[in-house]
Amino acid sequence: MKLTRKLVLAKAKASDLDSVRKLNCWGCSLSDISIFSQIPNIDVLTLSVNSISSLSPLAGCHSLCELYLRRNSIQSLSELCHLRSLSRLRVLWLAENPCCGPEASRYRLTVLRCLPRLQKLDNQVVTEEEVSLALTHGEDITTPPTTVQDQLSTNGMADVDTENDPLNYNMEETNKIREQLGMKLLARDKFESLSSPVTKEAKLPFKKTHTLEAVLLLMKDLDEEELQIVHTVALNRLQTYTVLFFVQCRGRCGEGMVTVYLACIS
């Protein structure tokens with residue numbers, strides 16, 4: 001089962017993914033947790049009693065302090081390499097995973113060699129002596145090879161939630177413009193709430209759609225003087241299109257029809 005944005009927001013009682021700090025997904029039959037690449041501010045995460053095999057989606061959760069992964073499907077301790085950059089991680093519960101193996105002391109020293117900042121491992125306090133011993137007797141683990149599932153989770157090539165998603169493309173284009181103007185980038189949830197829903201029949205051509213939404217989102221940050229500039233530029237563009245329309249009408253319908261049109265709109 002895949003952990004979705006909707007499920008995360010419901011369990012965390014949050015309005016957007018950026019505001020999720022604590023999440024308990026104990027016993028939810030989860031196997032795909034790629035959504036955590038979009039939840040960078042999570043502090044405490046409970047994923048015990050699931051079917052998780054890869055920890056790569058957690059590599060960007062730099063605020064993570066406590067992580068509970070008891071009774072999952074993690075086959076190799078090399079998955080812990082994805083947690084090395086999490087400098088705030090102090091509590092890890094990994095017991096009852098296939099990677100723990102039959103030798104408890106060897107497993108514990110290997111984990112602490114990889115993650116020496118831990119203060120508690122499998123509900124047992126980590127001592128300074130253990131960390132020192134781990135640096136010499138623990139096994140040195142390397143980053144696991146990228147699997148197909150990891151690739152799908154990180155780049156979204158076959159992710160049903162993001163594949164060919166216009167919102168992702170629109171947000172990327174909008175944030176490029178905002179970055180150039182020195183403005184704060186928009187998170188996906190905030191972008192989604194600002195984007196007005198449209199039916200497939202009412203959608204503009206793809207390129208036009210993301211440009212229009214980018215402009216509309218940028219306008220929310222403009223003051224009165226800047227909006228006046230946009231207003232003037234827009235009027236000039238509209239006048240240009242009006243002139244072109246008249247030229248086309250003159251060529252197709254003659255002077256008489258153009259005169260009638262001008263009389264109607266004046």
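- The side-chain contact (heavy atoms from CB on, under 4.5 Å) test applied to Ala14 returns Leu9, Ala12, Ser19, Val20, not counting sequence neighbours.
- The minimum heavy-atom distance between Met1 and Cys28, with the atom names listed, is SD-O, 3.4 Å.
- Atoms CG and CG, from Asn50 and Leu69 in turn, are 9.0 Å apart once rounded to the nearest 0.5 Å.
- Residue Ser73 comes nearest to Ser51 through the heavy atom pair OG-CA, 3.6 Å, listed as atom of the first residue, atom of the second, then distance.
- Atom CG in Leu3 sits 12.0 Å away from atom OG in Ser29 (nearest 0.5 Å).
- Rounding to the nearest 0.5 angstrom, the gap separating the CD1 atom in Ile74 from the SG atom in Cys100 is 8.0 Å.
- Taking Arg108 as the reference, Leu112, Leu121, Gln124, Val126, Glu130 meet the side-chain contact (heavy atoms from CB on, under 4.5 Å) condition, with sequence neighbours excluded.
- Residues passing the side chain to side chain donor-acceptor pair (under 3.5 Å) test with Asp122, sequence neighbours excluded: Tyr107.
- Minimum interatomic distance between Leu86 and Ala59 (heavy atoms only, all atoms of both residues): CD2-O, 3.6 Å.
- Sorted by first and then second residue, the pairs that involve residues 57-69 and meet side chain to side chain donor-acceptor pair (under 3.5 Å), not counting sequence neighbours, are Glu66-Tyr68.
- We find the SG-CG distance between Cys65 and Leu45 to be 11.5 Å, quoted to the nearest 0.5 Å.
- Under a 3.5 Å cut-off, the side chain of Ser76 and the backbone N or O of Glu79 do not form any donor-acceptor pair.
- Side chain of Asn24 to main chain of Trp26: a donor-acceptor pair is present (N/O by atom type, distance under 3.5 Å, no hydrogens or angles).
- Side chains of Arg113 and Asp140 form a contact here, defined as non-hydrogen atoms less than 4.5 Å apart.
- Remark: Leu133 pairs with Leu109, Thr136, His137 by the side-chain contact (heavy atoms from CB on, under 4.5 Å) rule, at least two apart or across chains.
- By the 4.5 Å heavy-atom criterion applied to side chains, Leu58 and His82 are not counted as neighbours.
- With no hydrogens or angles considered, a side-chain donor-acceptor pair links Ser54 and Ser56 at under 3.5 Å.
- In this structure, CG on Asn72 lies 8.5 Å from CG on Leu94, to the nearest 0.5 angstrom.
- Remark: Lys22 pairs with Val44 by the side-chain contact (heavy atoms from CB on, under 4.5 Å) rule, at least two apart or across chains.
- Summarising the geometry, atom CZ belonging to Phe36 is positioned 7.0 Å from atom SG belonging to Cys61; distances are rounded to the nearest 0.5 Å.
- For the pair Ser37 (side chain) and Pro57 (backbone), a donor-acceptor distance under 3.5 Å is absent.
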* Asked: Are Gln75 and Cys99 close enough, and set up right, to give a side-chain contact (heavy atoms from CB on, under 4.5 Å), and what steps lead you there?
  -> CA-CA 5 Å; Gln75 300 293 324; Cys99 63; 5.9 Å; no

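- Put simply, the side chain of Val91 does not reach to within 4.5 Å of the side chain of Gln119, judged on heavy atoms.
- Shown here are the salt bridge (charged side-chain N to carboxylate O under 4.0 Å, His left out) partners of Glu103, two or more places apart in sequence or in another chain: Arg106.
- Between Asp18 and Pro40, some side-chain heavy-atom pair lies under the 4.5 Å cut-off.
- Every pair passing side chain to side chain donor-acceptor pair (under 3.5 Å) that includes a residue from residues 83-97 is listed here, sequence neighbours excluded: Arg70-Glu96.
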